[in-house]
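Below, each value reflects all heavy atoms present in this structure, side chains not excepted, and no hydrogens, waters or symmetry copies. A note on names: the letters A, B, ... follow the listed sequences, proteins ahead of strands, and every chain is numbered from 1.
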There are 2 protein chains.
Amino acid sequence: MPRPTNPKLRRAILDVARRVLIEQGYPALAMRPIAREVGCTATSIYLHFDSKDALIHALIDEGMELLGRELRAALAAGATPRDRLQRLARAYLSFGLENPEYYEIMFMLHPSRMERYPAENYRRARRNLDFFHQELAAALGPAAADRDLRAEATLLWTSLHGTVSLLIAGRIDAAIDRDKLVELAVAQVLRSLSPPPLLPESDAARN
Amino acid sequence: MPRPTNPKLRRAILDVARRVLIEQGYPALAMRPIAREVGCTATSIYLHFDSKDALIHALIDEGMELLGRELRAALAAGATPRDRLQRLARAYLSFGLENPEYYEIMFMLHPSRMERYPAENYRRARRNLDFFHQELAAALGPAAADRDLRAEATLLWTSLHGTVSLLIAGRIDAAIDRDKLVELAVAQVLRSLSPPPLLPESDAARN
DNA sequence: GGCGTAAAGTTAACAGCGTCAAGCGACCCC
DNA sequence: GGGGTCGCTTGACGCTGTTAACTTTACGCC
């Protein structure tokens with residue numbers, strides 16, 4: 001909610017907040033330290049942002065746009081749908097690993113922190129996902145007839161997210177090579193193009 | 001660090017903490033409310049746990065054991081390695097979706113909260129992953145010769161984690177059917193059994 | 001030029017957080 | 001029965017996000 005108020009201070013707050021986030025991480029993102037560095041008081045921030053969450057949401061929006069730019073660049077560099085899909089996956093993973101602080105507030109924050117995130121921003125953010133859907137559809141062509149590509153594209157995203165988030169969180173066994181895992185994740189995305197997904201019914205039928 | 005102190009209060013604290021976590025979620029997990037419900041003061045908790053983190057770690061350990069039990073049950077019910085792998089995936093997803101609060105503190109907590117998590121517990125917790133490795137190896141047999149199954153098993157885990165965590169966080173488009181996504185995630189695990197992973201080199205070579 | 005008004009920012013406070021040092025009361029042991 | 005220790009409480013510190021009330025600044029207008 002951009003009030004009709006001094007926009008210069010708003011910018012300054014956002015700039016400092018971004019720097020604090022990137023340099024010191026999310027837990028260091030507190031109102032008083034930000035205010036101190038901006039050169040105003042903590043309560044002044046509330047003249048420009050409804051709450052701390054609103055400030056974080058502004059940072060999330062920045063991150064979403066940055067991600068969108070990188071995905072679009074990957075898309076533009078690809079020759080075939082299949083190539084583009086591979087580049088999308090790689091770009092998504094790179095974005096997360098190179099901007100872990102952004103990635104964290106964008107996708108790893110506790111739900112309660114996101115409850116107030118405006119629905120419209122949410123919808124816009126999710127549009128980044130459409131790239132996956134779109135290229136998946138293009139790559140599969142008519143072979144996609146009886147497949148739910150929206151769900152499959154979502155699965156591609158959630159799988160990539162799992163890899164990124166656990167790597168960022170430092171929860172992957174140190175013996176596992178990071179690059180190798182990334183390559184496997186990319187390969188897994190391409191694997192989704194192969195024939196119809198294997199049906200587990202023969203196993204499931206066993207009950 | 002289980003001090004040689006009144007173990008009854010320790011139990012009571014842990015029981016209340018678990019209930020608060022499950023009923024009110026992680027953000028409600030605060031020292032004073034827990035103490036109030038236990039019938040002691042907040043500082044008393046420090047006689048039994050080094051810190052709030054240590055208390056959370058104890059809950060994480062409980063969750064890890066619960067997960068381990070369910071994975072073992074899935075393993076026992078499976079007829080073939082392939083069937084077991086499918087059941088493992090399904091059990092993992094179910095555990096997360098049915099115990100979102102446990103899952104959150106186990107795998108979705110901010111890294112800084114986990115820094116103090118004892119290395120030994122960490123190692124023990126990761127053993128749950130070995131089930132995936134083990135069944136992947138069994139299912140692939142000699143075909144796995146030139147594949148890094150440790151990394152591949154890790155990828156299966158991270159992919160499942162991505163799906164679980166984003167579902168828990170409520171970040172999946174409402175138009176996507178939850179069960180369908182889960183089925184796709186299970187199918188994706190089984191897909192990792194198909195021939196050698198598709199090589200993206202033909203695309204990558206394009207640079 | 002001085003006044004009135006509205007905006008912009010400050011001070012002080014509230015309730016809650018995790019945590020720590022000191023103190024109190026009951027029990028055991030010599 | 002006096003000393004010591006265990007189990008717990010009291011009170012406090014510094015931090016958090018946030019609000020209400022106050023002060024300062026800026027600007028239009030007569």
Side-chain angles (χ1 to χ4, degrees), chain A residues 1-18 20-21 24-60 101 104-105 109-118, chain B residues 1-18 20-21 23-60 101 104-105 109-117:
Chain A
M1 211 171 286
R3 293 185 191 65
T5 184
N6 178 0
K8 255 172 67 182
L9 186 56
R10 190 190 144 92
R11 284 291 297 225
I13 293 169
L14 218 43
D15 288 346
V16 168
R18 184 189 319 113
V20 169
L21 172 70
Q24 294 159 249
Y26 168 68
L29 208 60
M31 302 304 255
R32 285 173 181 78
I34 291 173
R36 202 177 309 128
E37 223 167 313
V38 168
C40 67
T41 61
T43 50
S44 280
I45 299 179
Y46 286 84
L47 299 173
H48 303 275
F49 298 92
D50 279 344
S51 63
K52 184 186 177 183
D53 280 359
L55 176 55
I56 292 176
H57 293 161
L59 291 174
I60 289 177
E101 303 84 8
E104 184 182 347
I105 63 169
L109 236 42
H110 186 280
S112 70
R113 281 249 159 252
M114 290 301 295
E115 268 162 22
R116 297 201 243 173
Y117 190 61
Chain B
M1 207 173 285
R3 293 183 190 65
T5 183
N6 178 358
K8 254 172 65 181
L9 187 55
R10 189 190 145 92
R11 283 294 294 226
I13 292 169
L14 218 44
D15 288 346
V16 168
R18 184 189 319 113
V20 169
L21 173 70
E23 291 177 3
Q24 295 159 246
Y26 168 68
L29 208 61
M31 303 303 257
R32 286 173 179 79
I34 291 173
R36 202 176 309 129
E37 223 166 314
V38 168
C40 68
T41 62
T43 49
S44 280
I45 299 179
Y46 287 84
L47 299 172
H48 304 275
F49 298 91
D50 279 343
S51 62
K52 184 187 177 182
D53 281 359
L55 175 55
I56 292 177
H57 294 161
L59 291 174
I60 289 178
E101 303 84 8
E104 184 183 348
I105 62 170
L109 237 40
H110 187 280
S112 70
R113 280 251 160 250
M114 290 300 296
E115 268 162 21
R116 298 202 244 173
Y117 190 61

- Starting from P on C:dT19, measure out to CD1 on B:I45 and report it in whole angstrom. 10 Å

- Below 4.0 Å: OP1/OP2 of D:dC8 and any side-chain N or O of B:S44: no

- Listed partners of A:R36 passing salt bridge (charged side-chain N to carboxylate O under 4.0 Å, His left out), at least two apart: none

- Item | Residues which pass side chain to side chain contact (heavy atoms under 4.5 Å, CB included) with B:T43, listed by chain and number, not counting sequence neighbours | B:T41

- Message: Restricting to side chain to side chain contact (heavy atoms under 4.5 Å, CB included), what partner residues turn up for B:A28, sequence neighbours left out?
- Response: B:V20, B:Q24

- Message: Does D:dC8 have its OP1 or OP2 closer than 4.0 Å to a side-chain nitrogen or oxygen of B:H48?
- Response: yes

- Can you name the residues that form a ring pair (Phe, Tyr, Trp, His ring centres under 6.0 Å) with A:Y117, not counting sequence neighbours? A:H57

- Task: Let me know the distance between NZ of A:K8 and C1' of C:dA8, rounded to the nearest Å.
- Result: 14 Å

- Item | Partners meeting salt bridge (charged side-chain N to carboxylate O under 4.0 Å, His left out) with B:E23 (sequence neighbours left out) | B:R19

- Note on the structure: B:S112 meets the side-chain hydrogen bond (donor to acceptor under 3.5 Å, both in side chains) criterion, sequence neighbours left out, with B:H110

- By salt bridge (charged side-chain N to carboxylate O under 4.0 Å, His left out) - contacts of B:R18 (at least two apart): B:D15, B:E62

- Take nucleotides 15-25 of chain D nucleotide by nucleotide from the 5' end and write B, S or -, depending on whether a protein heavy atom sits under 4.0 Å from the base, only from the sugar-phosphate, or from neither. -BBBB------

- Item | Closest non-hydrogen atom pair, B:L59 against B:A17 | CD1-CB, 4.1 Å

- Message: Rounded to whole Å, how long is the line connecting atom CG of A:L9 with atom C1' of C:dA7?
- Response: 13 Å

- Note down the inter-axis angle between the two ends of the helix from C:dG1-D:dC30 to C:dC30-D:dG1, five pairs each, to the nearest 10°. 30°

